[in-house]
Structure formats: structure tokens, C-alpha cells
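Written out below as C-alpha cells is the structure these notes cover.
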Amino acid sequence: MRKLLLTISAVALAVAAQAQVIVAGVSPQSIAGNYTFSWADPAGGDWACPDFLIPNTFVQDTLMLVDDGSTGTNAQGHPVAQEGCNPLINNLTGKIAVIYRNTCNFSAKALNAQNAGAVGVIIINRDPEAIAMGGGTAGVSVTIPVVMLSSTDGATLVNQMASGPVVVFMGNKQNMYETDGGSSQADVMISRYGSIPQTMANNGYTFDPGIQVYNFGSVAHDFTVNAKITGPSGVVYDNTVGPVNVLSGDTLPVFNGNSSSFPSVSLASWATGAYTLTYTIAIPGFVDSADSDNSFSSTFNVTSDVLSLASQDATTNAVTSTSYPHNATTTYQACMMVQDTYPTANTGVEGLYFSIKAPNDTIDGEEVVGEIFEWNDSWVDLSGGWSSITFDNLNQVGGLTYDYVGNAQNAQVVYAAFNSPVLLMDSQRYLVCLSTANPVIAFGFDKSLNYEANVSLYSQPVSALYIDNTTWYSGWSGGTNAVSIGLKVINNVGLDENATLVASAYPNPASDIVNIAVNAEGNATYVVTDLSGKVAMTGAMNLVGGEAAVNTSALQTGMYIFTVSLDNGKTAQFNVVKK
């Protein structure tokens with residue numbers, strides 16, 4: 001039996017013990033705001049660092065990169081000297097040490113920084129995540145705060161350090177100021193999907209906004225919180241809760257089912273395009289002394305035909321992939337759950353959008369397998385906990401393979417059609433998965449969206465990982481970030497199976513000319529759309545020997561979907577990458 005082994009996140013509807021613990025940029029303004037982090041918690045017994053759960057336990061100071069005198073660069077292109085694995089040769093007195101992760105234990109780095117006078121440590125991960133840090137043998141000797149940031153956030157700080165001093169706060173901010181309210185991205189409800197087809201959105205799509213507001217100040221205050229959604233036509237939702245009085249150190253849970261809540265989001269009609277949901281916390285009549293955690297925004301999209309927990313990239317209109325985590329030694333499978341009601345009895349999935357990345361940028365010859373399973377294990381939601389979740393009754397209903405040719409599509413979104421479209425049944429739980437037999441390959445995830453509060457309220461999973469064909473996990477980053485799988489939804493599965501032609505294109509990726517090969521002859525028309533469904537080009541062609549050339553010089557770099565239609569009504573569809 002394949003069991004799901006997970007770490008359960010704190011319920012967003014309850015008071016989170018660590019909500020007041022933050023790592024935040026203070027100055028300059030360009031780096032201000034809260035960062036996702038992990039920290040060396042002394043509760044485990046392997047660190048002697050200060051306990052951030054105690055109010056007013058913090059450090060705020062200027063950052064400085066360490067230098068242990070080593071030569072050369074590491075695999076990530078950073079100086080080995082900035083890994084801090086040897087005694088430091090620079091003076092860090094009164095500074096927060098910045099250290100790159102790589103070749104030695106976290107506690108050894110931290111102790112070297114402490115011995116050089118540092119008042120705190122920021123370790124920058126080599127991956128786009130902030131992971132737990134074991135104390136090792138030296139952790140019990142480290143008495144200064146130690147946190148880890150992702151490679152992305154670390155690069156933001158280091159890049160700014162090249163232009164001048166950078167000041168960061170790390171620790172517990174409860175009671176630091178008299179007037180201070182806020183929240184965290186993990187305590188904010190977002191749309192149930194990052195991208196949803198217009199036909200599904202207009203089929204009664206709804207979701208519940210919500211946020212947990214904290215009074216970090218030393219006295220009681222009245223709080224208001226506004227939720228606003230702006231879409232292609234302007235503001236489509238605007239509601240305010242409060243003022244509600246909140247005691248110092250207490251919380252205001254604004255969620256469906258609580259005494260304070262927002263109305264559900266439910267529009268009569270959804271236009272295609274991007275929507276931004278923004279929460280704004282205010283203290284009427286007062287100025288918040290630390291307002292970097294008073295506003296939170298997330299984006300979701302209404303699309304022509306893409307269903308995904310990931311959002312759409314504003315530049316390419318493809319499903320967003322901001323992170324490529326992996327930790328496999330043999331095989332790696334990344335999955336998302338789908339369970340909904342659909343606009344027609346013939347709604348189904350034609351194919352998948354996804355992206356992969358190899359650390360050496362070499363993906364030539366790699367193969368990705370896509371599968372859709374009916375997930376029929378006895379289970380309704382997560383309210384009973386993760387321990388009862390199994391993956392024993394998976395009935396495959398769709399499959400595809402995608403073979404990469406060349407390396408141009410590394411970290412680029414591609415499209416692959418299923419061997420035949422998959423009909424979706426209302427309320428049936430599905431598991432949609434991508435698999436690779438190469439452990440260095442990583443699948444794209446969208447870290448721009450945090451589903452932690454949604455998981456708590458809806459009791460539904462976001463992603464599931466099957467690592468090395470042995471263990472199921474909840475996903476990366478505590479299971480709150482979505483795998484970037486986009487389902488191409490169609491509403492006519494099985495209506496005319498004989499109307500589809502087999503077609504392909506070469507060269508692909510293409511430059512200015514692409515050759516279309518179709519199992520047909522004669523006159524045809526073609527429509528070229530980008531991944532959002534926007535028409536980029538149309539034209540006519542004459543198929544001679546089943547082939548015709550199309551000039552694509554007018555297309556911008558990116559991926560496009562070609563739809564070829566014959567006079568007899570038969571169609572063919574395939575994707576082309578324009579170089």
C-alpha cells in the first residue's frame with residue numbers, strides 16, 4: 001500500500017503561534033516587506049539560538065557577506081569564500097552575516113559567523129525554497145538567530161547590498177510598537193484556481209475570501225479589512241469588514257462561518273483576463289508603525305480553455321512556473337487533484353501544459369509521461385487528517401508522452417495532447433500527474449500563490465509528490481504551492497471523434513517558416529493562438545502531398561497553438577514554438 005506521509009501545516013482559522021515571527025526587509029524601500037523563511041528553532045534541542053516565539057526576541061541590523069578566504073566558485077557561481085565553512089577573515093561585529101549554503105553544516109557556518117562578531121545569520125539556500133535546518137554538532141554552541149531564505153529572495157538582498165547598506169529585521173515583533181496590525185500570506189484566502197476556463201467560471205464559479213488579522217501592537221485597537229477584486233473591466237468585488245476591536249496579541253479571523261466574514265465571490269459573468277484580489281488592513285484614526293504586512297495581493301485568471309492551480313504568466317500567457325524543486329534519486333511524479341462540476345456533459349481534457357528544468361539545461365531526449373487517474377480511494381477531504389489518505393485505487397483514464405528534442409524548451413511551457421480526450425465527470429476526484437525517470441529533472445511550480453489558508457478552509461489538497469516510487473508527500477513548501485500543470489479543457493468530448501486529423505509541424509522550434517504536415521489534401525485554413533487563446537495570426541493554405549509551408553516571421557518568440565481546418569469540417573491542432 002502506498003501511503004501519504006505529510007507534515008500538517010497549522011490551521012489558518014486558528015491562532016498561529018508563529019504569526020508574529022517574521023523576516024522583513026527594513027531599508028532601502030526596494031527590499032522592504034516580509035520574506036518566506038525557516039529558522040533555527042531551539043525547541044528541537046539541536047540549536048541554542050534565541051526563541052523567536054518569545055515576544056520582543058529579534059535582531060535588526062545591516063547585512064554583510066562572509067569571507068573565509070577560500071578561493072574559487074561553487075556550482076551556483078558564488079564565491080566559495082562566502083559559504084563560510086572556515087574561520088572568517090572579515091570582521092562582522094554588529095552585522096547580520098549573509099552566507100551561501102553548500103558544502104558544510106548550517107551550524108558550522110553560523111558558529112564561524114558568531115565568532116567573527118555577527119549578531120545574526122541569514123543562510124541563502126541554493127534552491128528556491130527555505131528548508132528546515134538541522135543543528136548538527138555545533139548547533140548547541142550557536143547563540144545568535146539563524147534563518148534561511150530562498151535562493152530568489154537571497155539574490156534580491158545580495159543584489160541590493162552591491163548598491164549600499166541593507167537592513168533586515170528577523171524575529172518576533174509582538175509589542176514592539178503600540179500600533180501595529182497585519183497578517184501573513186499563509187493566512188490569506190486566494191481563488192480556488194490560479195486559472196479557470198471562462199465556461200467553467202460562468203458555470204457558477206465561486207470562492208470565499210478570508211484573512212486572519214493580528215494585533216501585533218501593545219494596546220487594543222479597532223481594525224478594518226477590505227477585500228477588493230479588480231478585473232479586465234475594473235472593480236468587480238469590494239467589501240469591508242469592521243471596525244472590530246482586537247486586543248493586543250489577539251486575532252480577528254475573517255473567514256466564512258465566523259462572526260466576521262466576507263460575502264462569497266460570485267459573478268453573474270466572468271470576462272477573460274487577469275484578476276487581482278487585494279486585502280488591505282487598516283487601523284482607523286491611527287498610523288500603523290510597521291505597515292509592510294498590511295496589504296496582500298494574489299492574481300488569478302479567467303482563460304479561454306486552461307484549468308490550473310497555477311496562474312498565467314503575464315508576458316507569455318502560459319501557466320506560471322516560478323520554481324523547479326526536486327529531491328529524487330530515481331523517479332519523480334508531481335500531481336494535482338481536480339474535483340469539480342463542469343459546464344456540459346461532454347466537458348473533458350484534451351491535453352496538458354507543463355514545464356521541466358534540468359540543472360545543466362540539457363533536456364534533449366528527455367521523456368515526460370502525463371496521466372489522469374480516477375482517484376477512488378475512500379476519502380472525502382482533509383478534515384480527518386492525512387494519515388488515512390491512500391493512493392491504492394487509482395484508475396488511469398488518460399495518458400500521454402512528450403519527448404524533448406533539443407534544449408530550447410528547458411524551463412519553457414510546452415503542450416502535449418492525450419492519446420484521446422478524457423471526459424470529466426461531475427464530483428469525481430481525479431489525480432493529474434507528470435512523471436520522469438530522470439531524478440535531476442524538476443517540474444515547474446508556481447510559488448507566487450500560497451494555498452495554505454485555502455487548504456485549511458476547504459480541506460482539499462494542492463499538490464502530491466511520489467518520490468523514488470516509494471513515498472507520497474504533500475508537495476514542496478509545506479504542500480501550499482501548486483504544481484504548474486495546465487489542463488486544456490474542451491466541451492465537446494466524443495461529439496465528433498472522426499473530425500480530428502493527425503498533424504505535425506517541422507522544424508519545431510521554428511524560425512520564420514514552419515512546414516505543416518496533415519493527413520489530408522486540398523485547401524485549408526489555419527488559426528494561430530497564443531496560450532491565453534488570443535488570435536495571433538490566421539491564413540489559408542493548400543495542402544499538396546499533405547504538406548504546406550506557413551510564414552511565421554510575424555510571430556513573437558513563444559509557444560503557439562495551430563488549428564488547421566479543412567473544407568469538410570475536419571480539424572487538426574498542434575503546438576509550435578517560435579524562436
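Position 1 is the first residue of the sequence, and the numbers go up from there.
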We want to know whether [X] and [Y] form a side-chain donor-acceptor pair, criterion being a heavy-atom distance below 3.5 angstrom.
| X | Y | answer |
| --- | --- | --- |
| Asp250 | Asn215 | no |
| Asn294 | Thr280 | no |
| Ser355 | Tyr324 | yes |
| Ser184 | Asp187 | yes |
| Ser484 | Asp446 | no |
| Ser311 | Thr320 | yes |
| Ser195 | Ser308 | no |
| Ser107 | Asn105 | yes |
| Thr143 | Gln114 | yes |

Any side-chain heavy atom of [X] within less than 4.5 Å of one from [Y]?
| X | Y | value |
| --- | --- | --- |
| Ser323 | Lys447 | yes |
| Ile441 | Lys357 | no |
| Trp47 | Asp41 | no |
| Val59 | Ile144 | no |
| Asn481 | Tyr451 | no |
| Val158 | Ile124 | yes |
| Met200 | Asp340 | yes |
| Leu157 | Ile31 | yes |

Which pair of heavy atoms, one from [X] and one from [Y], lies closest together, and at what distance?
| X | Y | value |
| --- | --- | --- |
| Cys49 | Val146 | SG-CG2, 4.0 Å |
| Ile485 | Ala334 | CD1-O, 3.9 Å |
| Ile281 | Asp293 | CD1-O, 4.1 Å |
| Ser298 | Leu449 | CB-CD2, 4.0 Å |
| Ala130 | Ser150 | CB-N, 4.4 Å |
| Val21 | Phe37 | O-CZ, 3.5 Å |

Does the pair Tyr279 and Phe296 meet the rule for a ring pair (Phe, Tyr, Trp, His ring centres under 6.0 Å), with working shown? CA-CA 5 Å; Tyr279 298 93; Phe296 300 88; 7.9 Å; no

Per the side-chain contact (heavy atoms from CB on, under 4.5 Å) rule, which among Val254, Asn454, Asn256 passes with Met189? Asn454

For Tyr275, run the side-chain contact (heavy atoms from CB on, under 4.5 Å) check against Asn301, Val236, Thr299 and tell me which one passes. Val236

Using the disulfide bond (SG atoms under 2.5 Å apart) criterion, which residues pair with Cys335? Sequence neighbours excluded. Cys433

Give a yes or no on whether the ring-centroid distance for Phe207 and Phe300 is below 6.0 angstrom. yes

Output field: ring centroids Phe216/Tyr214 closer than 6.0 Å: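 Yes: the rings meet the under 6.0 Å criterion.
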
The test is side chain to side chain contact (heavy atoms under 4.5 Å, CB included); show your working for Arg126 and Tyr100 and say whether it passes. CA-CA 7 Å; Arg126 57 177 175 246; Tyr100 286 104; over 6 Å; no

Rounded to the nearest 0.5 Å, what's the gap from [atom1] on [X] to [atom2] on [Y]? Could you check?
| X | Y | atom1 | atom2 | answer |
| --- | --- | --- | --- | --- |
| Thr36 | Leu149 | OG1 | CG | 9.0 Å |
| Thr251 | Gln20 | OG1 | CD | 11.0 Å |
| Asn410 | Asp361 | CG | CG | 4.5 Å |
| Met336 | Leu434 | CE | CG | 10.0 Å |
| Ile283 | Asp288 | CD1 | CG | 4.5 Å |
| Gln333 | Tyr473 | CD | OH | 14.0 Å |

Worked verdict on Gln160 versus Ser30 for side chain to side chain donor-acceptor pair (under 3.5 Å): CA-CA 8 Å; Gln160 185 60 51; Ser30 61; 3.0 Å; yes

May I have the step-by-step check of side chain to side chain contact (heavy atoms under 4.5 Å, CB included) for Ile122 and Met148, ending in yes or no? CA-CA 6 Å; Ile122 293 175; Met148 174 181 283; over 6 Å; no

Decide, yes or no, whether a salt bridge links Lys173 with Asp180 under the criterion of side-chain N to carboxylate O below 4.0 Å.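 Salt bridge: yes.
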
Tell me whether Asp46 contacts the main-chain N or O of Gly136 through its side chain, where contact means a donor paired with an acceptor under 3.5 Å.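 Judged by distance alone, no pair lies under 3.5 Å.
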
Donor-acceptor pair, Asp313 side chain versus Val319 backbone, under 3.5 Å? no

Apply side chain to side chain contact (heavy atoms under 4.5 Å, CB included) to residues Thr224 and Val241 and explain how you reach the verdict. CA-CA 6 Å; Thr224 65; Val241 169; over 6 Å; no

So does Asn327 have more than 12 non-hydrogen atoms from other groups sitting under 6.0 Å from CG?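 No.
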
List the steps, then state whether side chain to side chain donor-acceptor pair (under 3.5 Å) holds for Ser261 with Asn258. CA-CA 6 Å; Ser261 63; Asn258 291 354; over 6 Å; no

Determine whether Val121 and Lys109 satisfy the following criterion, side chain to side chain contact (heavy atoms under 4.5 Å, CB included), listing intermediate values before the conclusion. CA-CA 9 Å; Val121 171; Lys109 298 171 182 285; 5.9 Å; no

Ring pair (Phe, Tyr, Trp, His ring centres under 6.0 Å) involving Tyr177 - partner list, sequence neighbours excluded: none

Asn175 and Ser248: side chain to side chain donor-acceptor pair (under 3.5 Å), yes or no, with the steps? CA-CA 8 Å; Asn175 298 334; Ser248 171; 3.3 Å; yes

Show which side-chain atoms of residues 76-88 pair as donor or acceptor with protein atoms under 3.5 Å away, not counting sequence neighbours.
from: Glu83; atom 1: OE1; to: Thr103; atom 2: OG1; distance (Å): 2.6
from: Glu83; atom 1: OE2; to: Asn74; atom 2: ND2; distance (Å): 2.9
from: Glu83; atom 1: OE2; to: Asn102; atom 2: ND2; distance (Å): 3.1
from: Asn86; atom 1: ND2; to: Asp68; atom 2: OD2; distance (Å): 3.4
from: Asn86; atom 1: ND2; to: Ser70; atom 2: OG; distance (Å): 3.3

Ring geometry between Trp472 and Tyr466 (parallel below 30°, tilted from 30 to 60°, perpendicular above 60°):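 Tyr466 and Trp472: parallel rings.
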
Begin from the C-alpha positions of Tyr205 and Ser191 and carry the test side chain to side chain donor-acceptor pair (under 3.5 Å) through to its verdict. CA-CA 10 Å; Tyr205 178 60; Ser191 167; 2.6 Å; yes

